[in-house]
4 protein chains.
Amino acid sequence: MPRNGTDLKPRILAEARKILLEDGYTALSTRRVAGEVGCTAAAIYHYFENKDALLHALIDEGFELLHDRLEAVPKGEGHLRGLCAAYVDFSSANPEFYEVMFHLHPTQMERYPVERYRAQRDYLALLGNAINVSRQESAHSPHSALRAATLVWSTLHGAISLHQAMRIDKSLRGPDLLDDAIRLAMRAVEISPLPSQPGISS
Amino acid sequence: MPRNGTDLKPRILAEARKILLEDGYTALSTRRVAGEVGCTAAAIYHYFENKDALLHALIDEGFELLHDRLEAVPKGEGHLRGLCAAYVDFSSANPEFYEVMFHLHPTQMERYPVERYRAQRDYLALLGNAINVSRQESAHSPHSALRAATLVWSTLHGAISLHQAMRIDKSLRGPDLLDDAIRLAMRAVEISPLPSQPGISS
Amino acid sequence: MPRNGTDLKPRILAEARKILLEDGYTALSTRRVAGEVGCTAAAIYHYFENKDALLHALIDEGFELLHDRLEAVPKGEGHLRGLCAAYVDFSSANPEFYEVMFHLHPTQMERYPVERYRAQRDYLALLGNAINVSRQESAHSPHSALRAATLVWSTLHGAISLHQAMRIDKSLRGPDLLDDAIRLAMRAVEISPLPSQPGISS
Amino acid sequence: MPRNGTDLKPRILAEARKILLEDGYTALSTRRVAGEVGCTAAAIYHYFENKDALLHALIDEGFELLHDRLEAVPKGEGHLRGLCAAYVDFSSANPEFYEVMFHLHPTQMERYPVERYRAQRDYLALLGNAINVSRQESAHSPHSALRAATLVWSTLHGAISLHQAMRIDKSLRGPDLLDDAIRLAMRAVEISPLPSQPGISS
DNA sequence: CATGAATGAGCGTTCATTCAT
DNA sequence: GATGAATGAACGCTCATTCAT
């Protein structure tokens with residue numbers, strides 16, 4: 001029976017999440033998690049196969065969180081813009097989550113199973129749907145919804161990424177760039193494939 | 001004169017770059033570089049004051065390379081599009097450089113002196129000039145050149161970043177996304193500040 | 001329970017002490033201690049926070065040992081002489097302890113907290129008491145007890161120090177010098193402050 | 001021909017001495033000396049076989065310096081006291097010299113040839129002479145001059161050593177202890193060998 | 001279920017020293 | 001006479017991980 005009252009697993013996750021959010025990925029060590037939880041580092045290995053498994057659980061959490069936020073966006077007119085805003089908000093509220101979710105190279109984290117990026121694809125599907133809806137009004141783009149959604153996503157991601165890497169000029173306000181990016185992303189649905197490469201787009 | 005045949009310094013830089021690309025920042029260690037080069041770890045300290053200095057040299061190298069590529073873009077009509085294309089090409093040709101130049105968190109690399117991001121600002125200035133020129137034809141955007149340039153940059157960066165992090169759906173071709181991003185970036189110059197915040201824009 | 005037969009902690013302390021005695025402070029390294037003990041360097045960090053903590057433990061051990069020896073000296077007449085003899089005996093029996101206790105520069109060991117020299121002050125207080133008692137018979141010295149005690153101590157320390165640093169001429173027997181020092185120290189209580197500085201002494 | 005104008009050897013010694021006196025023994029490294037002199041570390045090996053040889057030269061310098069100071073003490077009445085005062089003054093003025101001259105264990109500095117402690121013996125001889133002279137007035141001590149001189153020396157050394165190791169209580173002024181030690185040392189010449197061990201003293 | 005002990009590999013860095021040129 | 005390149009050994013320390021109990 002656990003000495004600390006409640007089951008250890010959720011508490012490990014909680015502290016790991018806290019460390020990740022507060023001090024970032026490099027600060028996340030088994031020793032520190034254990035210290036914060038109040039157990040031995042070895043105890044963690046009862047609940048997680050290794051440190052990566054713990055990190056994966058955290059990443060999954062992040063994707064669920066993002067999914068919930070996006071689901072909560074009111075459907076109907078303005079859905080696409082809402083999704084964009086919610087995505088940007090999520091990144092601002094949980095920068096370290098965002099970091100591990102979208103910046104970590106698979107090569108740096110070899111054991112993360114590819115199928116778990118499903119959550120990421122779910123998000124793209126959501127975006128795609130909204131795009132399809134919005135296109136019924138201005139239906140002049142032959143782009144596949146997935147391709148357009150990816151472009152929307154990448155536009156937002158670019159601004160977020162530079163913002164988080166603190167690469168934006170001090171004379172510019174970070175939120176301004178994020179706003180601009182959202183507005184630009186709204187135009188992504190209008191982008192057509194290159195006329196010189198007909199047939200490539202779906 | 002080197003005991004080792006060729007001069008060690010460029011080889012250290014090359015191996016460091018390779019490691020950075022293949023296994024990420026955390027894998028970059030003096031010992032591993034030394035091992036790959038075939039010298040002692042201490043030898044590295046003959047050429048670089050410390051690990052950070054090595055990293056900085058890598059970054060500087062990258063910015064010089066990018067600078068040269070952008071300078072070579074023919075000025076005049078289509079300059080902006082040319083700059084965008086050259087930027088994307090650079091990222092594809094030198095992913096390892098791109099990684100250190102634009103992805104590394106300052107928190108992972110605290111001692112990098114801020115002035116050295118000058119090269120990055122140079123690039124933005126180049127973009128800004130091209131934007132100003134292109135605007136004389138379609139002069140309807142009140143955006144400051146810097147802000148617009150940053151948006152252009154972030155748009156390209158987003159696509160590059162997702163592409164390099166291998167987050168793009170397999171059914172999509174990476175180059176397509178990059179093309180789309182360039183075309184979208186061209187529209188970034190048209191984005192106006194939020195009408196609800198009059199007077200903030202330049 | 002130790003994997004290694006006996007408990008590691010005392011063995012670490014013992015080997016550290018031995019190295020300190022045989023090859024001096026600069027030779028005391030975690031790796032070497034580990035090697036001598038037969039464990040990993042990392043194992044030492046299981047018992048001591050860092051190298052300094054190990055050193056502090058050594059010092060504390062030494063002071064406890066000395067304290068016990070001095071407490072065992074029979075009080076009453078001859079107490080002062082007994083304390084002196086016990087101090088010298090301690091130094092001869094435990095030269096390695098003596099070295100860390102009284103020779104280490106704070107600059108070589110910056111992090112040693114000042115309060116922990118308490119043990120040293122305790123010893124001085126003991127000496128001071130004995131001096132006060134002895135003075136009731138030959139009460140002609142206006143020296144404060146602390147100042148006199150320090151002088152007694154330093155007299156003994158000088159002989160011990162030269163003896164241990166092997167600086168004494170071979171034609172002289174070390175023990176003779178120590179004996180002489182004890183007898184001289186007994187006269188330290190008679191030393192008066194300089195007549196040319198009236199009022200400074202207590 | 002030397003690039004730097006003057007011959008390198010004296011300048012190496014000078015910088016080494018400066019480092020030793022200013023920042024102590026542990027700060028004395030070939031690299032730092034070379035840096036201060038303005039030459040390569042390897043250049044030092046032209047003039048000194050190794051780092052120890054450089055240190056030995058410094059120690060020799062120290063003994064010569066001390067010797068000069070002691071020679072300068074006016075002979076005649078008060079010679080002994082003058083020698084004591086000069087010795088203490090030397091230690092205060094050159095604490096780091098004193099450190100390497102009298103604290104370094106032969107075990108820590110194996111290659112220092114024993115015969116070079118001659119300078120130290122010279123000092124003792126000087127003391128011994130002064131003691132012999134002073135005894136002609138109060139000739140009641142059967143101690144050999146060498147033994148008495150050693151006791152005088154050790155008395156001074158004890159105070160100096162504790163003072164330099166910063167072991168003296170803050171409420172006590174270091175110079176006071178040194179003064180006391182000098183006065184006590186003057187009595188060292190009166191100390192007789194133990195009556196219970198007749199015949200041991202010379 | 002969880003601990004305490006211990007490992008083994010690795011980290012960035014510093015050192016005295018060597019040696020061809 | 002002195003340099004620049006390079007070595008090899010050591011430093012204190014941290015890490016994820018294992019395993020008997």
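In what follows, every chain begins at residue 1, and chains take the letters A, B, ... in the order their sequences are listed.
Ile44(C) places none of its side-chain heavy atoms less than 4.5 Å from the side chain of Leu8(C).
Rounded to an integer number of Å, the gap from CG of Asn50(D) to P of dT18(E) is 8 Å. As rounded to whole Å, 14 Å separates atom C1' of dT13(E) from atom CG of Leu54(B). Note: CD (Glu49(C)) to C1' (dG12(F)) measures 13 Å, nearest angstrom. The distance from atom CZ of Phe48(B) to atom C1' of dT14(E) is 18 Å, rounded to the nearest whole Å. Remark: C1' of dT17(E) and NZ of Lys51(D) are 12 Å apart, rounded to the nearest angstrom. Put simply, CD1 on Ile12(B) is 14 Å from P on dG12(E), counting in whole angstrom units. Between the C1' atom of dC11(F) and the CD1 atom of Ile19(C) lies a distance of 14 Å, rounded to the nearest Å. Between the C1' atom of dA2(E) and the NZ atom of Lys9(A) lies a distance of 16 Å, rounded to the nearest Å.
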Verdict with supporting geometry, Phe48(B) and Lys9(B), side-chain contact (heavy atoms from CB on, under 4.5 Å) = CA-CA 9 Å; Phe48(B) 303 95; Lys9(B) 185 164 180 173; 3.9 Å; yes
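Looking at which nucleotide of DNA chain F each of Arg31(B) and Ala42(D) is closest to, the 5′-most match is held by Ala42(D). Nearer the 5' end of DNA chain E, as judged by each residue's closest nucleotide, is the contact made by Ile44(C), out of Ile44(C) and Leu28(B). Both Tyr45(A) and Ser29(C) lie close to DNA chain F; mapped to their nearest nucleotides by heavy-atom distance, the more 5′-ward contact belongs to Ser29(C). Ranked by how close their nearest DNA chain E nucleotide is to the 5' end, His46(D) and Arg32(B) are led by Arg32(B).
Considering only residues two or more places apart in sequence or on other chains, Glu36(A) meets the side-chain contact (heavy atoms from CB on, under 4.5 Å) condition with Glu15(A), Ile19(A), Arg32(A). For Tyr45(B), there are no ring-ring contact (aromatic ring centres under 6.0 Å, His included) partners at least two apart in sequence or on another chain. In this view, Thr40(C) and Ala42(C) satisfy the side-chain contact (heavy atoms from CB on, under 4.5 Å) rule, not counting sequence neighbours. Not counting sequence neighbours, Phe97(A) has no partner by the ring-ring contact (aromatic ring centres under 6.0 Å, His included) test. Annotation: side-chain contact (heavy atoms from CB on, under 4.5 Å) contacts of Pro95(C) (sequence neighbours excluded): Leu21(C), Gln164(C).
Among the duplex regions that DNA chain E forms, those built from at least three successive Watson-Crick or G-U pairs under 3.5 Å are E:2-21 with F:2-21, ordered by first number.
Close to dA6(E), at under 4.0 Å from its OP1 or OP2, lies a side-chain N or O of Tyr47(C). A sub-4.0 Å separation between OP1 or OP2 of dG12(E) and a side-chain N or O of Thr30(B) is present.
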